[in-house]
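A note on names: the letters A, B, ... follow the listed sequences, proteins ahead of strands, and every chain is numbered from 1.
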Amino acid sequence: MENQTNLLQQRRFKLAELKRLGYDPYPRRFGYSHTLGQIRKAFEAASAAELEEKKEAVRVCGRIMSMRPQGKAGFIDIADGEHRLQIYVRRDKVGPENFELFRLFDIGDIIGAEGPIFRTRTGELTVAAACVHHLSKNLLPLPEKWHGLTDIETRLRRRYVDLIVNPDVRAVFVKRNRIIKEIRNFLDERDYLEVETPVLQTIAGGALARPFATHHNALDINLYLRIALELYLKRLIVGGIPKVYELGRIFRNEGISAQHNPEFTMLEFYQAYSDYRDLMDVTQEMITRIAEKATGGRRVKYRDHVLDFDSWRRMTLKEAVLQFWPDPGTKPEESGLADVETLRSLARSVHAPFEMSDGPGKICASLFETVAEDRLIQPTFIYDYPAETSPLSKTKSGDPDTVERFELYIAGMEIANAYSELNDPAEQEARFEAQLAARDRGDEEAHAMDEDYIRALGYGMPPTAGEGIGIDRLTMVLTDSPSIRDVILFPLLRPEDPTA
RNA sequence: GGGCCGUUAGCUCAAUUGGCAGAGCAACUGACUCUUAAUCAGUAGGUUGAAGGUUCGAUUCCUUCACGGCUCACCA
């Protein structure tokens with residue numbers, strides 16, 4: 001702590017020196033001629049002789065990343081987070097007064113420089129400073145230049161420092177932005193209308209999850225932060241908007257892990273006159289295009305795997321259970337996956353969790369998660385889910401226990417979830433009643449009754465299919481990121497210990 | 001929430017069985033006008049995450065707590 005105080009004092013002293021010498025320590029603006037990227041683009045190809053002939057003067061600015069002083073001269077590297085550029089400062093070029101200013105510079109300071117572009121003997125593109133400017137002071141020293149900042153906790157808590165010293169971090173978030181832009185392009189081209197629906201809701205519906213609770217003072221009502229976008233978007237389908245989407249933050253009061261952050265970004269899109277099979281085709285086209293645009297190809301490295309977006313698979317949930325069954329000796333017949341007793345003994349044999357109150361559908365879903373989910377590395381649609389776990393989905397014709405629903409798995413993670421939307425208000429009401437019964441039995445994540453949503457269906461909703469895509473997880477897959485924290489700039493952490 | 005692991009200088013890391021807390025970079029002073037992990041000489045920097053305990057002596061062993069990582073549970 002003492003040392004940090006010393007470092008701080010030294011830098012504060014230099015700040016005072018700037019003032020004493022008549023400089024504004026925090027000037028208001030700096031007019032630059034080029035960004036560092038523009039410098040690279042404009043001059044990277046030019047030879048030393050060409051640059052020498054043109055002597056093109058530039059004004060550039062950025063943060064000092066390293067300094068190599070040499071008595072009456074010195075080199076500094078500045079960076080803007082993406083590009084670096086070397087500045088060469090000579091006392092006989094900038095003059096004694098400006099050279100004194102240069103000598104007050106610290107690594108981490110924000111500075112400007114003006115002068116002609118040239119190449120050093122070693123070929124490095126460099127600004128030969130005619131004058132340097134101090135733009136902002138670094139009081140807290142940056143991490144060292146070799147190992148940088150690696151401590152995960154510090155990187156997340158001080159993401160600004162992480163971004164300064166770890167260029168890969170910025171690249172991830174640039175790619176995340178490209179993914180989101182490409183989603184909008186894809187949907188906008190196809191005439192989906194982007195909308196915004198309430199984050200604050202009196203009933204947190206559309207998914208099975210525990211919500212965050214809050215309170216509105218003037219109305220004196222309890223509210224929840226939304227756990228899904230679904231029910232409002234389907235109200236808009238009722239309202240006659242046949243293709244609609246929202247890209248927004250949702251909030252779930254659940255555990256935190258490498259795949260879960262309490263707030264995360266979801267795309268949900270709905271289209272009338274379609275069913276879940278139509279959405280599989282749309283999804284395959286959309287995800288393949290995004291992968292290609294964001295990564296430059298259809299084969300994408302993810303950890304130890306190469307994901308191939310040219311070979312998608314489709315299989316039912318039951319087929320997946322059978323295909324990935326670990327022990328040939330106990331491998332069940334497909335018919336056995338409908339009988340509760342058989343399912344219970346199968347679940348015990350592979351240590352799949354279940355409750356005695358669970359029906360066959362729920363146990364079958366548990367079997368899937370235990371034996372198949374991790375193995376679904378290549379893009380795979382798993383379809384036909386048990387009705388028990390899907391209160392908003394339409395059942396398959398002739399099979400009331402199965403719903404028209406699929407999930408997309410990539411790299412062992414659930415990336416998307418879609419279904420043919422239940423649009424029969426009477427059946428929807430009955431499904432909500434069944435969820436209320438589950439809630440009474442202690443299931444905190446069971447869906448709440450939403451009378452207004454039933455009423456909306458009462459006005460008539462066309463046959464509709466809808467889908468949610470987890471943007472954070474999709475970004476993980478396309479940026480080779482092992483943790484969701486790598487693709488969220490400021491993931492939720494406990495507050496720092498104030499006594500530390 | 002459970003289990004395991006971690007926390008030492010601003011950053012990255014050492015420290016023998018429990019026996020003087022150290023290095024590199026950053027910083028400070030000096031030298032150095034084409035360096036790029038610049039170089040050379042010197043200096044300073046520590047309540048070892050916090051609080052207790054055992055001990056002649058604790059970075060090291062024990063207990064509790066804080067924060068983080070991995071993992072399981074839950075979920076997307």
Side-chain angles (χ1 to χ4, degrees), chain A residues 1-11 13-14 48 64-77 84-94 99 106-108 118-126 128 138-158 161 165 206-210 227-228 250-268 351 353 366 369 373 389 407-409 413-417 443-445 468-474 476 482-485 491 493-500:
Chain A
M1 292 302 118
E2 184 74 19
N3 184 38
Q4 188 174 11
T5 309
N6 285 344
L7 291 169
L8 197 58
Q9 279 170 351
Q10 284 164 1
R11 300 217 169 176
F13 175 75
K14 289 187 185 177
I64 298 177
M65 299 308 290
S66 65
M67 302 183 76
R68 293 175 296 281
Q70 291 188 33
K72 295 180 189 61
F75 292 89
I76 54 185
D77 291 340
R84 276 185 178 237
L85 186 65
Q86 181 170 263
I87 315 287
Y88 183 36
V89 183
R90 289 171 58 123
R91 192 167 187 272
D92 60 4
K93 284 280 179 4
V94 301
F99 197 75
D106 283 309
I107 290 174
F118 78 112
R119 270 187 201 283
T120 62
R121 267 177 218 151
T122 53
E124 180 88 20
L125 204 58
T126 303
N138 169 278
L139 297 172
L140 302 171
L142 294 180
E144 60 127 309
K145 56 191 172 183
W146 302 355
H147 307 90
L149 180 65
T150 61
D151 180 74
I152 292 174
E153 183 174 354
T154 310
R155 290 181 52 200
L156 298 180
R157 289 195 193 279
R158 305 185 204 173
V161 180
V165 300
L208 307 179
R210 281 145 66 189
I227 58 172
I250 64 178
F251 308 85
R252 297 190 183 176
N253 207 338
E254 309 273 1
I256 295 173
S257 78
Q259 275 102 47
H260 300 85
N261 193 60
E263 55 180 299
F264 62 105
T265 302
M266 182 90 106
L267 164 72
E268 286 194 31
H351 309 291
S366 178
E369 283 163 22
E373 190 167 346
T389 56
E407 292 186 347
L408 168 63
Y409 285 85
M413 281 190 292
E414 184 187 335
I415 300 293
N417 177 22
D443 183 351
E444 283 185 68
E445 288 168 1
I469 296 181
I471 300 303
D472 312 273
R473 287 186 181 175
L474 180 61
M476 287 169 67
S483 168
I484 199 166
R485 296 179 202 91
L493 299 176
R494 270 182 212 276
E496 285 180 84
D497 180 5
T499 63

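A:Asn138 comes within contact range of no nucleotide atom at all, as no heavy-atom separation falls under 4.0 Å. When heavy atoms are screened at a 4.0 angstrom cut-off, A:Gly74 is found touching no nucleic acid atom at all. At a threshold of 4.0 angstrom between heavy atoms, the contacts of A:Asp92 include nucleobase atoms, whether or not backbone atoms are also involved. Backbone-only engagement by A:Arg494 is indicated by non-hydrogen atom pairs under 4.0 Å involving sugar-phosphate atoms exclusively. Across all strands shown, A:Glu124 has heavy atoms under 4.0 Å from base atoms, whether or not it also approaches the sugar-phosphate. Across all strands shown, A:Arg485 has heavy atoms under 4.0 Å from sugar-phosphate atoms exclusively, and none from any base. Note on A:Ile250: nothing from the nucleic acid sits closer than 4.0 angstrom, heavy atoms only. A:Ile415 comes within 4.0 angstrom of nothing in the nucleic acid, heavy atoms only. Using a 4.0 Å heavy-atom cutoff across all strands shown, A:Phe118 reaches at least one base atom of the nucleic acid.
Closest to the side chain of A:Pro141, out of B:G10, B:C11, B:A27, is B:G10. Out of B:U35, B:G68, B:U12, the shortest distance to the side chain of A:Glu144 is found at B:U12. Of the listed nucleotides (B:A27, B:U12, B:C34), B:U12 has the atom at the smallest distance from the side chain of A:Asp151. The A:Glu254 side chain lies nearest to B:C74 when the options are B:C11, B:G1, B:C74. Of all nucleotides listed (B:A76, B:G45, B:C74), B:C74 comes nearest to the side chain of A:Glu445. In this structure, the nucleotide among B:C34, B:A27, B:U33 sitting nearest to the side chain of A:Leu7 is B:A27. Comparing B:U33, B:A76, B:C11 by their closest approach to the side chain of A:Pro143 singles out B:C11. Between B:C13, B:U33, B:A26, one nucleotide has an atom nearer to the side chain of A:Thr150 than all others, and that is B:C13.
Taking the C1' atoms as reference points, B:A27 lies 12 Å from B:C11, given to the whole Å. As rounded to the nearest Å, B:A44 and B:G49 have P atoms that lie 25 Å from one another. Separation of the C1' atoms belonging to B:C13 and B:A38 is 24 Å when rounded to the nearest angstrom. Rounded to the nearest Å, the gap between the C1' atom of B:A51 and that of B:A66 is 11 Å. Rounded to whole Å, the separation between the C1' atoms of B:U64 and B:U17 comes to 27 Å. Comparing the P positions of B:U63 and B:C5 gives a spacing of 11 Å, expressed to the nearest Å. Between B:G42 and B:U47, the two P atoms lie 27 Å apart (nearest whole Å). B:U7 and B:G30 are spaced 38 Å apart, taking the C1' atom of each and rounding to whole Å.
In terms of position along RNA chain B, the nucleotide closest to A:Arg121 lies nearer the 5' end than the nucleotide closest to the other residue of the pair A:Glu407 and A:Arg121. RNA chain B is contacted by both A:Ala209 and A:Arg11; A:Arg11 maps to the nucleotide lying nearer its 5′ end (nearest heavy atom per residue).
A:Thr120 contributes a side-chain N or O that forms a donor-acceptor pair with the base of B:U35 under 3.5 Å. A donor and an acceptor atom never sit less than 3.5 Å apart when one is taken from the side chain of A:Glu153 and the other from the base of B:U7.
Looking at A:Arg252 and A:Phe264, their side chains come closer than 4.5 Å, going by heavy atoms from C-beta outward. Contact annotation: the side chain of A:Ile484 never approaches that of A:Pro491 to less than 4.5 Å [non-hydrogen atoms, C-beta and beyond]. The side-chain heavy atoms of A:Thr154 and A:Leu149, taken from C-beta on, include a pair separated by under 4.5 Å. Residues A:Gln86 and A:Thr120 have side chains in contact (heavy-atom distance under 4.5 Å, counting atoms from C-beta outward). At least one side-chain heavy atom of A:Arg473 sits under 4.5 Å from a side-chain heavy atom of A:Gln259.
For B:A38, the OP1/OP2 oxygens have no side-chain nitrogen or oxygen of A:Gln70 closer than 4.0 Å.
Ring stacking is absent between A:Phe75 and B:A38, as the pair misses the limits of under 5.5 Å between centres and under 30 degrees between planes.
Atom CE in A:Met67 sits roughly 16 Å away from atom C1' in B:U39 (whole-Å rounding). Going from atom OH of A:Tyr88 over to atom C1' of B:U33 covers 5 Å, rounded to whole Å.
Taking OG from A:Ser366 and CD from A:Glu373, the interatomic distance works out to 10.5 Å, rounded to the nearest 0.5 Å.
No more than 12 heavy atoms of other residues, nucleotides or ligands lie within 6.0 Å of CZ in A:Arg158, so this atom counts as exposed by the packing criterion.
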- Determine which bases of RNA chain B form Watson-Crick or G-U wobble pairs with both distances under 3.5 Å, and write the result as a 5' to 3' dot-bracket string with | for other-strand partners. (((((((..((((.....[..)))).(((((.......))))).....(((((..]....))))))))))))....

